[in-house]
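Written out below as structure tokens is the structure these notes cover.
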Amino acid sequence: MEQSAIIERVTDALLQKITGIKSTIKGINICMETERNKLREKFPLINVLLIGIEETGIQNRYDKIKMKGIDKNNHEIEYFMVPATMVNLTYMVTPYSDKHAETCRMMGALVKLFKDDYLIEVDGFDWVENEGNPVLIEASSPLPLPEQIRVFSAMNLDYRPSLFYRLRLGIDSGKQEVFRRVKERKFETVKKPEN
């Protein structure tokens with residue numbers, strides 16, 4: 001899988017982390033919004049919705065990072081790459097239950113989970129300049145209440161309190177500017193005719 005699949009990778013990892021609360025709440029279902037209809041009315045349920053993708057910072061397309069690698073002929077090459085585009089992903093995490101106390105317990109379990117386990121390893125999806133550092137799961141400011149209500153209305157659901165989390169990651173450019181160092185240069189001398 002190529003590095004541009006990092007959004008899918010961290011979303012899957014986030015869902016995996018949330019399954020960690022299954023030991024706290026028996027019979028819980030966890031899903032992305034696209035799968036919610038399959039689990040409708042199967043409570044308790046935690047629904048995860050990616051509600052925002054935002055590029056951060058202004059990248060100068062003329063900035064370059066010098067890299068080293070091997071070409072298809074197994075020769076060492078040096079090349080320039082543009083810095084990764086940094087992206088913030090914002091997730092809305094909503095617990096559902098037909099019992100108020102269970103909903104509150106799920107909210108508490110989610111807060112505790114991300115307080116104790118707030119890193120996602122990038123493995124083979126690392127980006128230039130990150131050097132293998134994990135993605136941090138951070139609590140995020142919630143959407144304003146009218147916008148939250150609009151999201152629930154669009155999904156034909158009643159409003160429910162939700163938690164919001166942000167993950168910041170990088171997506172590399174596929175563009176490389178290869179250059180080769182001069183290793184050997186031949187010079188020929190030509191004797192000037194004497195007049």
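The figures here come from the full heavy-atom set of this structure, side chains too, leaving out hydrogens, waters and symmetry mates. Counting begins at 1 with the first residue of the sequence.
- Counting heavy atoms from C-beta outward, Ile21 and Ile46 have side chains that approach closer than 4.5 Å.
- The minimum heavy-atom distance linking Pro95 with Pro161 is given by the pair CD-O, 3.8 Å.
- A search for side chain to side chain contact (heavy atoms under 4.5 Å, CB included) contacts involving Thr11 returns Ile7, Met32, Tyr91, not counting sequence neighbours.
- Between Val122 and Leu169, every side-chain heavy-atom pair lies at or beyond the 4.5 Å cut-off.
- Scored by the side chain to side chain contact (heavy atoms under 4.5 Å, CB included) test, Asn88 finds Glu54, Thr56, Arg166, Arg168 as partners (sequence neighbours excluded).
- Among residues at least two apart or in separate chains, salt bridge (charged side-chain N to carboxylate O under 4.0 Å, His left out) pairs with a member in residues 110-119 are Lys17-Asp117, Lys112-Asp116.
- Counting heavy atoms of neighbouring residues, nucleotides and ligands inside a 6.0 Å radius, atom CG of Asp158 does not exceed 12 of them.
- A pairwise comparison of heavy atoms in Pro134 and Glu121 identifies CB-OE2, 3.9 Å as the closest pair.
- Sequence neighbours left out, the pairs with a member in residues 102-121 that pass ring pair (Phe, Tyr, Trp, His ring centres under 6.0 Å) are Phe114-Tyr165.
- Arg105 contributes atom CZ, which lies 8.5 Å from atom NZ of Lys99 (distance to the nearest 0.5 angstrom).
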Check: residues 135-144 side-chain donor-acceptor pairs under 3.5 Å, at least two apart:
none

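- Residues meeting the side chain to side chain contact (heavy atoms under 4.5 Å, CB included) test with Lys192, sequence neighbours left out: none.
- Between Pro44 and Met106, the closest heavy-atom pair is CB-SD, 3.8 Å.
- For the atom pair CG (Leu157) and CD1 (Ile149), the distance works out to 13.0 Å, reported to the nearest 0.5 Å.
- Remark: Leu163 CG to Thr94 OG1 distance equals 8.0 Å, nearest 0.5 Å.
- With sequence neighbours excluded, no residue forms a side-chain hydrogen bond (donor to acceptor under 3.5 Å, both in side chains) with Thr103.
- Applying the ring-ring contact (aromatic ring centres under 6.0 Å, His included) criterion to Phe152, with sequence neighbours excluded, gives Tyr159.
- Among residues two or more places apart in sequence or in another chain, the ring-ring contact (aromatic ring centres under 6.0 Å, His included) test is passed with Phe164 by none.
- Proximity of Gln16 to Ile120: side-chain heavy atoms (C-beta onward) are nowhere separated by under 4.5 Å.
- With sequence neighbours excluded, no residue forms a side-chain hydrogen bond (donor to acceptor under 3.5 Å, both in side chains) with Thr90.
- Atom CE of Met92 is separated from atom CD of Glu147 by 11.0 Å, given to the nearest 0.5 angstrom.
- Among the candidates Ile53, Val48, Leu49, the single residue satisfying the side chain to side chain contact (heavy atoms under 4.5 Å, CB included) test with Ile51 is Leu49.
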